[in-house]
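Before any comments, here is the structure.
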Amino acid sequence: MENNYHNEDRYYAAKKKVNKIKGFYGNLASYMLVNIILLVINLATSPEHLWFLPLLFGWGIGVLIHGMTVFQWLPFLGKEWEEKKIKEFIDIENQKKNKFE
């Protein structure tokens with residue numbers, strides 16, 4: 001019985017990770033498509049001024065950070081940090097609950 005719960009937990013953890021990866025690839029695809037469209041509009045309307053570049057770089061930084069967190073390349077926002085924060089919030093809630101009892 002315990003083994004089933006453990007397998008279920010692993011399944012849901014894996015599914016959660018797959019959903020995060022899908023979200024990243026969706027973000028990356030949107031980034032690429034929108035920036036191609038903005039490039040075409042920019043070159044068609046005012047090729048002497050490349051106004052789409054700040055958007056490209058700003059959103060690109062966001063996509064890069066998103067990818068780094070999804071693929072766990074950011075040590076300060078990794079799984080250990082996440083678990084530590086979850087424990088911290090649970091402890092705070094338990095202290096509040098115990099205060100009112």
Side-chain angles (χ1 to χ4, degrees):
M1 188 76 160
E2 174 112 9
N3 196 21
N4 280 346
Y5 290 127
H6 185 64
N7 287 338
E8 253 182 64
D9 290 343
R10 289 188 357 218
Y11 170 79
Y12 286 117
K15 185 174 179 166
K16 185 177 176 182
K17 187 167 185 164
V18 167
N19 285 336
K20 285 182 179 182
I21 293 170
K22 270 178 46 177
F24 167 72
Y25 285 127
N27 189 2
L28 181 62
S30 298
Y31 169 77
M32 292 168 51
L33 179 66
V34 169
N35 280 297
I36 289 170
I37 292 169
L38 290 176
L39 170 64
V40 169
I41 291 170
N42 186 176
L43 293 177
T45 59
S46 56
E48 67 283 350
H49 177 67
L50 299 177
W51 51 260
F52 85 100
L53 284 177
L55 301 170
L56 176 87
F57 290 122
W59 191 358
I61 290 169
V63 170
L64 180 67
I65 292 171
H66 185 186
M68 291 173 78
T69 56
V70 166
F71 295 107
Q72 299 178 354
W73 294 332
L74 281 179
F76 56 89
L77 291 177
K79 187 160 181 75
E80 289 177 14
W81 175 85
E82 187 176 316
E83 289 174 3
K84 180 181 170 188
K85 280 297 182 185
I86 290 170
K87 184 181 180 329
E88 182 181 315
F89 290 133
I90 289 172
D91 290 345
I92 290 170
E93 287 300 316
N94 286 338
Q95 287 174 0
K96 285 179 185 178
K97 183 179 174 185
N98 291 337
K99 193 175 191 179
F100 292 111
E101 287 181 350

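As the structure is a prediction and not an experimental result, all values here were calculated from the model.
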Item to check | With Asn35, the side chain to side chain contact (heavy atoms under 4.5 Å, CB included) member among Leu39, Leu38, Leu33 | outcome: Leu38
Item to check | Path from Phe89 to Ile86 over hydrophobic side-chain contacts below 4.5 Å | outcome: no
Next on the checklist: Heavy-atom count check: over 12 atoms from other residues, nucleotides or ligands less than 6.0 Å from Phe71 CZ?
Outcome noted: yes
Checklist entry - At what distance, to the nearest 0.5 angstrom, does NZ of Lys15 lie from CD of Glu8? => result 11.5 Å
Checklist entry - Linking I/L/V/M/F/W/Y whenever any side-chain heavy atoms sit under 4.5 Å apart, do Tyr31 and Ile36 land together? => result no
Checklist entry - Going only through I, L, V, M, F, W and Y residues with side-chain contacts under 4.5 Å, is there a path from Ile92 to Ile90? => result no
Checklist entry - Is there a side-chain contact between Phe52 and Ile37 (heavy atoms, below 4.5 Å)? => result no
Next on the checklist: Testing the basics here: between Gln72 and Lys17, what is the closest heavy-atom pair and its distance to 0.1 Å?
Outcome noted: NE2-NZ, 4.1 Å
Checklist entry - To the nearest 0.5 Å, what is the distance between CG (Asn42) and CD (Glu48)? => result 8.5 Å
Item to check | Co-membership, hydrophobic cluster, residues Val40 and Met32, 4.5 Å side-chain | outcome: no
Checklist outcome for this item: In this structure, CD1 of Ile65 is separated from CH2 of Trp73 (nearest 0.5 Å) by 13.5 Å
Checklist entry - Among the clusters formed by ILVMFWY side chains lying less than 4.5 Å apart, do Met68 and Val18 turn up in the same one? => result no
Checklist entry - Do you know the tightest heavy-atom contact between Leu50 and Pro54? => result O-CD, 4.0 Å
Checklist outcome for this item: Nearest heavy-atom approach of Val70 to Phe24 is CG2-CB, 4.0 Å
